[in-house]
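Shown next, in structure tokens, is the structure this report addresses.
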2 protein chains.
Amino acid sequence: MQKVSDWTIHRLSSYHRLLSEFANEGKEYISSHELAQRAGATPAQVRRDLSCFGTFGTKGKGYLVADLISKITSILGIDRDWRVALVGAGRLGSALFSYKEFRKRNFHIVAVFDSDRHKVGKHWADVQIDHPDDMKSIVRQRKVDIGVIAVPADTAQSVANAMVDAGIKAILNFAHRKLFVPDGVTLRNVNMAMELETLSYVMTKNRTRR
Amino acid sequence: MQKVSDWTIHRLSSYHRLLSEFANEGKEYISSHELAQRAGATPAQVRRDLSCFGTFGTKGKGYLVADLISKITSILGIDRDWRVALVGAGRLGSALFSYKEFRKRNFHIVAVFDSDRHKVGKHWADVQIDHPDDMKSIVRQRKVDIGVIAVPADTAQSVANAMVDAGIKAILNFAHRKLFVPDGVTLRNVNMAMELETLSYVMTKNRTRR
DNA sequence: CGCAGTACGTGAATCTTTTCACAACCCAGT
DNA sequence: ACTGGGTTGTGAAAAGATTCACGTACTGCG
Ligand SMILES: NC(=O)c1ccc[n+]([C@@H]2O[C@H](COP(=O)([O-])OP(=O)(O)OC[C@H]3O[C@@H](n4cnc5c(N)ncnc54)[C@H](O)[C@@H]3O)[C@@H](O)[C@H]2O)c1
Ligand SMILES: NC(=O)c1ccc[n+]([C@@H]2O[C@H](COP(=O)([O-])OP(=O)(O)OC[C@H]3O[C@@H](n4cnc5c(N)ncnc54)[C@H](O)[C@@H]3O)[C@@H](O)[C@H]2O)c1
């Protein structure tokens with residue numbers, strides 16, 4: 001199998017969401033053109049992205065919506081439950097915990113950790129907040145697949161290390177810091193500050209030019 | 001001036017943060033090699049990124065840390081205050097509002113909007129929550145530069161339209177939906193769901209292969 | 001001063017991603 | 001069965017981003 005770029009995966013993710021909309025609208029077939037339009041991509045790109053994983057369309061007709069949804073679902077691996085551990089029960093952590101899209105997409109937060117002794121022992125819904133020292137055993141017990149980091153930047157790397165040590169193979173990081181993880185562990189970042197600075201850059205550039 | 005890619009800007013943003021660390025450590029000069037190492041990039045990339053904007057280094061010596069910080073600060077346009085309007089005073093909105101990094105980086109939330117009549121009129125710190133109907137006049141009055149969207153996905157596009165209508169030229173969107181804005185308005189997205197699905201994809205792929 | 005060492009800046013090469021463009025194919029209507 | 005309109009899947013070209021590699025220029029030291 002060829003290498004598939006991250007961007008293709010990101011786009012598949014948006015195709016997936018859009019296809020659900022099309023399904024709700026009662027559409028049976030959809031062309032690469034229509035899908036591209038709503039996704040803000042080009043038809044060629046849609047076809048190329050899909051062709052990385054097989055041939056799903058019917059020439060002259062387009063893609064069968066229901067079929068394509070289930071194909072992408074299985075490519076992305078979101079046809080199963082994923083068990084998530086959240087580290088950092090602060091403001092962002094609490095927003096994430098109560099974020100319903102999570103659950104809807106089969107990502108279940110099964111453990112919450114915080115180093116603050118005042119928070120340890122409390123319950124969020126049916127999940128008890130535990131101390132990071134117990135991460136290893138709890139991660140194993142609850143079969144955690146994914147770790148989410150929502151702690152201050154300067155402790156993020158040590159949390160990542162603890163996650164790796166506990167056997168977690170996939171980490172989503174919200175802290176504004178570059179983290180390093182060993183091969184075999186996948187790390188993704190969500191980085192608001194960078195996006196804000198991109199906005200700032202574009203506005204500044206336009207101002208000085210015009 | 002040549003076109004500069006988004007990735008260069010993202011990297012400049014991380015160089016900027018790392019340079020502050022180096023400054024704190026008391027380092028006076030830094031080489032592209034050292035910077036690259038901490039940034040998880042290559043020395044050539046660091047030099048190429050910087051060279052888009054001028055020549056800041058000293059051959060044989062490296063870059064003067066303090067100087068480079070101020071150069072990047074001015075390139076990114078973060079040497080001034082930016083005035084931000086937050087739309088959606090929900091869980092994410094409240095996390096964002098109380099996020100201190102914001103203020104530290106000179107991004108000030110000067111207006112908050114929510115369509116929920118129970119929330120309108122309340123105060124968050126010294127900012128009153130207003131109704132989106134008043135967006136246009138308030139945005140003008142308070143000289144808002146940047147709009148942040150933290151409303152449910154299905155109202156995000158209409159909020160974006162209102163922002164554009166109010167004269168906002170830069171939007172940061174947290175809703176999991178592709179938004180369309182006219183030319184001249186810059187849109188950036190922060191998309192957690194996509195990153196989660198990327199993790200899911202990678203784990204699924206590895207599982208089926210090994 | 002002159003020389004050895006170091007690290008920048010950048011043209012050229014390489015690698016990656018996107019776009020183009022068209023053969024192959026399906027379907028509906030006659 | 002044939003035709004015309006429409007859409008896929010994919011080589012090949014184009015565009016874009018990264019890496020290489022080297023000329024150049026500065027530093028520090030004797
Ligand atoms: N608040 C936001 O809107 C926002 C947005 C984007 C990114 N972030 C990032 O998310 C992270 C958390 O932000 P926040 O606003 O929720 O901060 P916060 O201070 O509200 O919460 C951080 C929590 O982490 C806990 N913690 C600290 N060290 C820990 C450790 N070693 N192990 C476990 N728990 C630990 C603290 O006790 C606290 O409860 C930061 O890195 C921030 O940059 C926040
Ligand atoms: N909660 C999270 O951790 C999280 C993480 C990532 C992305 N998001 C996204 O952020 C958005 C908000 O999430 P949330 O969890 O804060 O939801 P929420 O329901 O807690 O808050 C949404 C707020 O938006 C307000 N609102 C609705 N329509 C509005 C309109 N037209 N104008 C102004 N205000 C309006 C509601 O009154 C509510 O207060 C969603 O799109 C979600 O996908 C949330």
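Numbers restart at 1 for each chain; the letters A, B, ... are given by sequence-line order, proteins then strands. Bear in mind that the values here come from a model prediction, so they are computed numbers and not experimental data.
- The CD atom of A:Gln45 sits 8 Å away from the C1' atom of C:dT17 (whole-angstrom rounding).
- Contact annotation: A:Tyr63 reaches the phosphate of D:dG9 (side-chain N/O to OP1 or OP2, under 4.0 Å).
- Following rounding to the nearest Å, A:Asp49 (CG) and D:dG9 (C1') show an atom-to-atom distance of 13 Å.
- We find that B:Asp145 and B:Arg80 are joined by a salt bridge, their nearest charged nitrogen and carboxylate oxygen being less than 4.0 Å apart.
- The distance from atom CG of A:Leu35 to atom P of D:dG9 is 12 Å, rounded to the nearest whole Å.
- The shortest distance between the side-chain N/O atoms of B:Lys59 and the OP1/OP2 oxygens of C:dG5 is not below 4.0 Å.
- The pair B:Arg142-B:Asp130 meets the salt-bridge criterion, with a side-chain N (NZ, NE, NH1 or NH2) lying under 4.0 Å from an Asp/Glu carboxylate O.
- Ranking C:dC26, C:dC8, D:dT10 by closeness to the A:Arg47 side chain, first place goes to D:dT10.
- One atom, NZ of A:Lys3, and another, P of C:dT18, lie 11 Å apart when rounded to the nearest Å.
- B:Phe53 and A:Tyr201 have perpendicular rings, their planes meeting at more than 60° on a 0 to 90° scale where under 30° would count as parallel.
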(request) Determine, stepwise, if the pair A:Asp49 / A:Arg11 fulfils salt bridge (charged side-chain N to carboxylate O under 4.0 Å, His left out). (result) CA-CA 8 Å; A:Asp49 286 340; A:Arg11 284 189 299 267; 2.6 Å; yes
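- With C:dC27, C:dG9, C:dT17 as the candidates, the nucleotide lying closest to the side chain of A:Ser5 is C:dT17.
- A straight line from CG of B:Leu64 to C1' of D:dT27 spans 14 Å, rounded to a whole angstrom.
- Side-chain proximity of A:Thr58 to C:dT18, C:dC27, D:dG9: nearest is C:dC27.
- Within the nucleic acid shown, A:Thr8 has no heavy atom closer than 4.0 Å to any nucleic acid atom.
- The side chain of B:Ser31 approaches C:dA7 more closely than any other nucleotide in the set D:dT19, D:dA17, C:dA7.
- For A:Ala44, counting side-chain heavy atoms from C-beta on, the closest listed nucleotide (D:dG23, C:dC20, C:dT18) is C:dC20.
- The CH2-P distance, from B:Trp7 to D:dT19, rounds to 14 Å in whole Å.
- Rounded to an integer number of Å, the gap from NE2 of B:His10 to C1' of D:dA17 is 15 Å.
- Residues A:Glu21 and B:Arg177 are paired through a salt bridge, judged by an N-O separation under 4.0 Å between the basic side chain and the carboxylate.
- Counting distance only, with no hydrogens placed and no angle test, the side-chain atoms of A:Arg48 and the base atoms of C:dT19 include a donor-acceptor pair under 3.5 Å.
- As rounded to whole Å, 11 Å separates atom P of D:dT8 from atom CG of A:Leu68.
- If you check C:dT18, D:dT27, C:dA7 against the side chain of A:Arg11, the one that comes closest is C:dT18.
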